[in-house]
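Notes for the one structure printed next.
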Amino acid sequence: MKLAFLASHGGSAAKHLVQASREGALDAVPVALVSNNSTSAALAWARAAGLRTAHLSSARYPDAGELDERICSFLLDSGADTLVLSGYMRELGPRVLNAFAGRLVNIHPSLLPRHGGRGMYGDRVHEAVLAAGDAESGATVHLVTAGIDEGPMLAQSRVPVLPSDDLAALKARVQAVEGDLMLRALQELARP
Ligand SMILES: Nc1nc2c(c(=O)[nH]1)N[C@@H](CN(C=O)c1ccc(C(=O)N[C@@H](CCC(=O)O)C(=O)O)cc1)CN2
Ligand SMILES: NCC(=O)N[C@@H]1O[C@H](COP(=O)([O-])[O-])[C@@H](O)[C@H]1O
């Protein structure tokens, strides 16, 4: 399995997968990372880890079709056969979706289908969980399809929501389970 990643910020799940690959816990070779954020920590650690990297964004390519093509070409040229979204905050276009159909996964910081869809990302998700008074939250790994967060779910990990929780506490508890959840999902995907 040749892994590529898309990340907008820290790319923590991607970093966990790279570490697992290096330690032999995942039969995969990380090859590339793309970010829409030129100052993202993900671009920095990916470069340091020897991955091919690119900054590809709507600011550089305002035409959505051209951006989709640029991302797709870069990923295919890297030799990637599997694509992981690790906190990527933009809608993927049809070229990337088609090129990696069935081998394209995303991690979302809630128990989908609750608190997902357009506009639901990052801290907004945890704020929605707290506002709804949910007794539990967690993370979901799902296959990525055209509709935002609508693809088939591959794995979920549940955490309690405590009465004392604020945004930071809930976010930290959810993020603490994301890396191993993504690893479990990729191990399943890698199985022959
Ligand atoms: N075609 C698809 N593209 C993406 C999917 C998907 O399922 N199908 N998943 C998302 C990941 N994601 C949540 O898991 C997500 C990310 C961002 C948004 C969103 O509303 N973004 C805003 C812009 C936010 C910003 O730039 O800071 C927007 O597009 O208006 C929703 C869900 C990734 N892509
Ligand atoms: N809808 C997508 C979404 O909200 N993804 C979430 O963004 C965070 C990225 O953090 P990171 O960049 O530090 O890994 C993660 O918690 C991930 O689940």
Side-chain angles (χ1 to χ4, degrees), residues 4-20 33-46 49 53 55-62 64-65 67-69 71-72 75 83-130 137-159 167-186:
F5 308 100
L6 294 178
S8 296
H9 304 292
S12 53
K15 196 172 188 179
H16 193 84
L17 293 177
V18 170
Q19 185 67 25
L33 184 140
V34 172
S35 181
N36 61 311
N37 174 3
S38 61
T39 62
S40 66
L43 276 177
W45 68 251
T53 62
H55 166 227
L56 299 172
S57 69
S58 56
R60 290 186 66 186
Y61 303 101
L67 178 59
D68 184 27
E69 175 57 37
I71 293 172
C72 192
L75 294 173
L83 179 58
V84 173
L85 307 189
S86 180
Y88 183 66
M89 301 301 174
R90 288 293 181 179
E91 183 171 357
L92 286 180
R95 289 176 181 81
V96 173
L97 291 170
N98 292 334
F100 291 92
R103 309 280 301 177
L104 173 45
V105 298
N106 176 55
I107 188 156
H108 182 78
S110 77
L111 297 174
L112 290 175
R114 287 182 66 78
H115 310 301
R118 189 174 301 287
M120 292 307 291
Y121 54 90
D123 290 353
R124 293 182 176 196
V125 176
H126 306 298
E127 287 164 350
V129 170
L130 293 171
S137 188
T140 303
V141 176
H142 64 93
L143 288 175
V144 175
T145 56
I148 299 283
D149 301 334
E150 293 177 0
M153 289 189 273
L154 299 178
Q156 287 190 316
S157 184
R158 296 172 180 271
V159 300
L167 168 61
L170 178 57
K171 178 178 179 179
R173 192 172 308 118
V174 171
Q175 290 199 321
V177 303
E178 289 190 343
D180 283 342
L181 180 67
M182 179 63 88
L183 176 56
R184 180 152 54 93
L186 268 286

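Order of listing sets the numbers, starting from 1, for every ligand and every atom in it. All residue numbers refer to positions in the sequence shown, counting from 1.
- Across all their heavy atoms, A7 and A42 have their closest contact at CB-CB, 3.7 Å.
- At least one side-chain heavy atom of L56 sits less than 4.5 Å from a side-chain heavy atom of Y61.
- With hydrogens and angles left out, the side-chain atoms of N37 and S8 include no donor and acceptor closer than 3.5 Å.
- Annotation: side chain of H9 is in contact with side chain of M89 (closest heavy-atom distance under 4.5 Å).
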Kindly indicate, with the supporting measurements, whether the criterion side-chain contact (heavy atoms from CB on, under 4.5 Å) is fulfilled by T145 and L97.
CA-CA 7 Å; T145 56; L97 291 170; 5.8 Å; no
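- For a heavy-atom separation below 4.0 Å, the residues in contact with ligand 1 are L85, Y88, M89, R90, E91, L92, L97, N106, H108, G117, R118, G119, M120, Y121, H142, V144, T145, A146, G147, I148, D149.
- Residues F100 and L92 are not in side-chain contact: their nearest non-hydrogen atoms beyond the backbone lie 4.5 Å or more apart.
- A distance limit of 4.0 angstrom between heavy atoms and ligand 2 selects the residues H9, G10, G11, S12, G87, M89, I107, H108, P109, M120, Y121, G122, Q175, E178.
- For the pair L112 and H142, the tightest heavy-atom approach, listed with the atom from each and the gap, is CD1-CD2, 3.7 Å.
- Here the side chains of L170 and R173 are in contact, with some heavy-atom distance below 4.5 Å.
- Using a 4.5 Å heavy-atom threshold, the side chains of I71 and L6 count as touching.
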